[in-house]
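A quick write-up on the structure given underneath.
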Amino acid sequence: MNSGRSTEEFTIEKRGVLLIEDPLLNKGTAFTQEERVKHGLLGLLPPHVDTLEEQEERAYEAFCDFHTDIDKHIFLRQLQDENETLFYRLLLEHITEMMPIVYTPVVGLACQRFSHIYRRPRGIFISYPERDSMDAIFENIEHDVDVIVVTDGERILGLGDQGVGGMGIPIGKLSLYTLCGGVDPAKTLPIVLDLGTNNQERLDDPRYIGWRENRIKGAEYDAFIEQFVTAVKKRFPHVLLQWEDFASVDAERIIDKYRDDLCTFNDDIQGTAAVTTGTILAAITAAGGKLVDQNIVMLGAGSAGVGICLQLKQAMIDNGHSEAEARSHFYVIDRDGLLHSGRTDLDPLHQKLAQSPENLKGWDCDVTGTISFADVVRNSKPGVLVGATGQAGAFTEEIIREMAKHTNRPVIFPLSNPTSRAEAIPSDLLKWTDGKAVIATGSPFDPVEYNGVTHYIAQCNNSYIFPAMGLGILASRARRVTDSMFMAAAFALKETSPALKDPAASLLPSLTTIREVGRKIARAVAAAAIEAGVADSITEEEIDQRIEETMWTPEY
Ligand SMILES: NC(=O)C1=CN([C@@H]2O[C@H](COP(=O)(O)OP(=O)(O)OC[C@H]3O[C@@H](n4cnc5c(N)ncnc54)[C@H](O)[C@@H]3O)[C@@H](O)[C@H]2O)C=CC1
Ligand SMILES: CC(=O)C(=O)O
Ligand SMILES: [Mg+2]
């Protein structure tokens, strides 16, 4: 196990104030007397020498003194910038309470308020005017990097374009790489590509710290991305590059172009698909059903919705369905209604999920034009309904009651983030289905009491997948990321579902076990990478050993 950093590693480089100001090396009041003498720290710290546990207790007390979520977020981010070991120790001790503060939902507010709560830099900012200096920018990063998370800030959760404020997302995602996947924080790098913003509120804000122009699009945008990928490959040829919260039109084009060029994936498409496939499989298995028998309605045909349906469709094909048979089980809806082959506006990707006219025969509505969400639910009688629209309240009482008429255990996943964008809230879903709904949400919700029964709400969020993908990729030294690795992650996640043993339990394991869950998924991912030929062959024991060696634990 990779724990802390040895004092000797940094003695030559950093002493005194410089040492205390480095969050990766700083131990604050936990520097021993001997270290204080040796590293020029005498008099720079109060006399008492703390243990990490004592520091953690003090930090928790300070955390509890803040009364708003955004203040708690600012406090934790400051702690991260002061002492990363203490930050991760505190988070690991209080993961259920603190993950929503560093991640969804509060990170959404932190992105919206980024220019107002900004304290000090973390990661790198690449703005459009500096596009020809990318190599110089990367040269300023002196350490090795294993994982990059990059955004252009255009589709931040369900909150739209946040420009440079989108930086909150790569920072939050990489915190989870360490917290949940054990990736060494010293080897992570958050990046925001600042190509401007079309968010007028940000442009009009005198405090806005991004490049104050409208977004660059089209050929210039693609050329910028090409420059970025080239610079990444040159400086960090073996890095894992995760794309996050891009507008779907760019997200899909970018991953298609670069997936065979370096070790890379798009989290909103592929990570979300894997967590949702695993969680839906757990829900269906727990209810005694089979995936291949389900009709699935997906509200939202963007990065998340399309990614989820394509992976579930593939799981059906792997289970013996033909492509056409599998496709007939999916009813995917965008702003203009059901995707069906009569529509002339569908691009090739959406055509892969379009319903054929034969499957709509006998429907009680006009099936040649716009087919509404209500029409789809009434006619297709789905067992599974997933939302990835970013539209709060899109799952209305009428539609949910209609769905519940035709199925005993309706599986309903309002996945949009943050909480304010959820398609429905669990207490309403339980009320409208008389307690029958099997629910998972994108952001965390407390358990709900309904008719004397406690319902545990799983958080179906790609945070169960990407940190473990990272761990599996680093441990296997995979050179590329394949769809089969995401399928393996989904099935491994399914196997950890508490609902498989106890139908009253949550569909996904508690966050307090997230590192153990991460290990299991990482094993499956590493094995799939070897199977796909994108990693060199090693034994299961060697995979386990590499996983343990890779996992970083917050200790001095
Ligand atoms: N739980 C999780 O792990 C994840 C959740 N998400 C959430 O999913 C949401 C969508 O993300 P993306 O797919 O990347 O966004 P996107 O912008 O690519 O797609 C949104 C889709 O919703 C459709 N839509 C919008 N309003 C609609 C309406 N009223 N009726 C039907 N369709 C409508 C749009 O046409 C589009 O197809 C966001 O809120 C995001 O936070 C995304 C990734 C992971
Ligand atoms: C969870 C996530 O990646 C999103 O909402 O975009
Ligand atoms: Mg995302």
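Ligands are counted one by one from 1 in listed order, and the atoms in each one are counted from 1 as well. Note that the numbering runs from 1 along the sequence shown for the chain.
Ion pairing between a basic and an acidic side chain is recognised when a charged N comes within 4.0 Å of a carboxylate O; R155 and D268 show such pairing. A salt bridge does not link K352 to E323: none of the charged nitrogens lies less than 4.0 Å from a carboxylate oxygen. With respect to the salt-bridge test (charged N to carboxylate O, under 4.0 angstrom), the residues D250 and R253 qualify.
Ranking the protein heavy atoms by distance from atom 19 (O) of ligand 1 puts G302 CA, 3.2 Å first. For atom 14 (O) of ligand 1, the closest heavy atom belonging to the protein is R155 NH2, 2.7 Å. Ranking protein heavy atoms by distance to atom 4 (C) of ligand 2, first place goes to L157 CD2, 3.6 Å.
Of the possible donor and acceptor atoms, none in the side chain of N198 sits under 3.5 Å from a partner among the backbone N and O of N214.
Considering F466, Y88, Y103, W552 in turn, F466 is the only one that fulfils the ring pair (Phe, Tyr, Trp, His ring centres under 6.0 Å) rule with Y177.
A 4.5 Å side-chain heavy-atom check between Q112 and R202 finds at least one atom pair inside the cut-off. Looking at heavy atoms from C-beta onward, W243 lies in side-chain contact with T264 at the 4.5 angstrom threshold.
The atom of E244 that is an N, O or S and sits closest to the Mg ion (ligand 3) is OE2. Restricting D268 to its N/O/S atoms, the shortest distance to the Mg ion (ligand 3) is reached by OD1.
Considering backbone and side-chain atoms alike, S303 places an N or O below 3.5 Å from some N or O of ligand 1.
Within the 4.0 Å heavy-atom criterion, neither part of D336 lies near ligand 1. Within the 4.0 Å heavy-atom criterion, the part of T272 lying near ligand 1 is the side chain and not the backbone.
Considering each of V386, T279, L299, V249, the one bringing a non-hydrogen atom nearest atom 30 (N) of ligand 1 is L299.
In this structure, F466 has no heavy atom closer than 4.0 Å to ligand 2.
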